[in-house]
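Quick note: residue numbers are just sequence positions, from 1. Atoms considered below: every heavy atom in the structure, side chains included; atoms not considered: hydrogens, waters and symmetry mates.
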Amino acid sequence: MTDHDQHPTPTPTPGPAPDVAGLQRRLADFAAARRWEPYHTPKNLAAALSVEAAELLEIFQWSTPEEAARVMDDPASAHRVTDEVADVLAYLLQFCQVLGVDPLAALDAKIDRNELRFPAPKRPGTPGETSPGESAPDDRHSSE
């Protein structure tokens, strides 16, 4: 039996979507009530984030691209995906709070830099443009 089986996800209550700062407060309060703050160091939170991201990846291990695209069609695998996404986001938000990083501002600035580094082609067929599925020689992932 997995942790997911033992602790079902509560049904969300209707209302406004939570904001980042509110979620960070809830996470901090949760950790404080359990006296976990001494363990929530940048190194430990980064390690936990990595572990949770690996658990998300594990869901897709050995899946074909077609199977991966349909992962949310099965309620059990959809539940696993949403739980792991929540775990990854929780550790990322805690990490950002401990270091004083505004995650939305960081993402906005990164998108700005990537738009400058990787400009969109002016029009189809221009030199250096690639076909779908084909990589340019200096193609990089958007998070670099």
Side-chain angles (χ1 to χ4, degrees), residues 1-124 128-136 138-144:
M1 181 177 274
T2 68
D3 184 51
H4 304 292
D5 298 328
Q6 296 171 3
H7 305 287
T9 305
T11 305
T13 56
D19 61 281
V20 171
L23 291 170
Q24 286 177 310
R25 276 191 303 279
R26 285 187 67 193
L27 289 164
D29 291 347
F30 182 88
R34 289 150 183 83
R35 299 185 178 127
W36 290 349
E37 301 103 320
Y39 307 103
H40 285 193
T41 64
K43 179 192 81 65
N44 288 349
L45 291 168
L49 175 59
S50 177
V51 168
E52 294 301 338
E55 288 180 9
L56 178 60
L57 178 59
E58 184 180 32
I59 296 167
F60 298 92
Q61 187 176 19
W62 314 119
S63 296
T64 65
E66 296 77 20
E67 291 166 337
R70 293 189 310 270
V71 72
M72 300 305 284
D73 294 345
D74 173 56
S77 63
H79 178 74
R80 288 180 63 207
V81 168
T82 56
D83 269 3
E84 295 307 336
V85 165
D87 289 343
V88 168
L89 184 56
Y91 280 120
L92 179 60
L93 292 178
Q94 290 173 92
F95 177 83
C96 288
Q97 186 173 33
V98 165
L99 291 179
V101 173
D102 178 337
L104 298 183
L107 177 57
D108 190 50
K110 184 63 176 188
I111 293 169
D112 288 345
R113 287 193 307 276
N114 283 342
E115 287 174 340
L116 294 173
R117 286 182 65 201
F118 306 105
K122 302 272 190 257
R123 59 183 176 83
E129 187 177 323
T130 59
S131 301
E134 183 180 51
S135 294
D138 62 347
D139 194 21
R140 300 223 194 294
H141 188 272
S142 64
S143 67
E144 290 183 0

Item to check | From CZ (R80) to CD1 (I59), nearest 0.5 Å | outcome: 4.5 Å
Next on the checklist: Assess the residue pair N44 and H40 against the criterion (side-chain contact (heavy atoms from CB on, under 4.5 Å)); give the C-alpha distance rounded to whole Å, side-chain angles, the decisive distance to 0.1 Å, and a yes or no.
Outcome noted: CA-CA 6 Å; N44 288 349; H40 285 193; over 6 Å; no
Checklist outcome for this item: In this structure, CG of L27 is separated from OH of Y91 (nearest 0.5 Å) by 10.0 Å
Item to check | Euclidean distance, T82 OG1 relative to L89 CG, rounded to 0.5 Å | outcome: 12.5 Å
Checklist entry - Under 6.0 Å from the CZ atom of F60, do we count more than 12 heavy atoms belonging to anything else shown? => result yes
Checklist entry - Given V98 and T41, is the side-chain contact (heavy atoms from CB on, under 4.5 Å) satisfied, shown in steps? => result CA-CA 7 Å; V98 165; T41 64; over 6 Å; no
Next on the checklist: For D102, give me all partners under side chain to side chain donor-acceptor pair (under 3.5 Å), at least two apart in sequence or on another chain.
Outcome noted: none
Checklist entry - Sub-3.5 Å donor-acceptor pair from the side chain of E58 to the main-chain atoms of A54, do we have one? => result no
Checklist outcome for this item: In terms of heavy-atom contacts, L116 and P119 come closest through O-CD, 3.7 Å
Item to check | Straight-line distance of D73 CG to E67 CD, nearest 0.5 Å | outcome: 12.0 Å
Next on the checklist: Donor-acceptor pair, distance only, cut-off 3.5 Å: does the side chain of R70 make one with the backbone of E66?
Outcome noted: yes
Checklist entry - So, for E84 and E55, which heavy atoms are closest and what is the spacing to 0.1 Å? => result OE1-OE1, 3.1 Å
Checklist entry - How many angstroms lie between atom SG of C96 and atom CG of L49, to the nearest 0.5 angstrom? => result 9.0 Å
Next on the checklist: Looking only at side-chain N and O atoms, does H79 offer a donor or acceptor that is under 3.5 Å from a partner on D83?
Outcome noted: yes
Checklist entry - Mind checking whether P103 and V20 have side chains closer than 4.5 Å, heavy atoms only? => result yes
Next on the checklist: Nearest 0.5 angstrom please: E37 CD to Q94 CD, how far?
Outcome noted: 10.5 Å
Item to check | Atom CZ of R34: over 12 foreign heavy atoms under 6.0 Å | outcome: yes
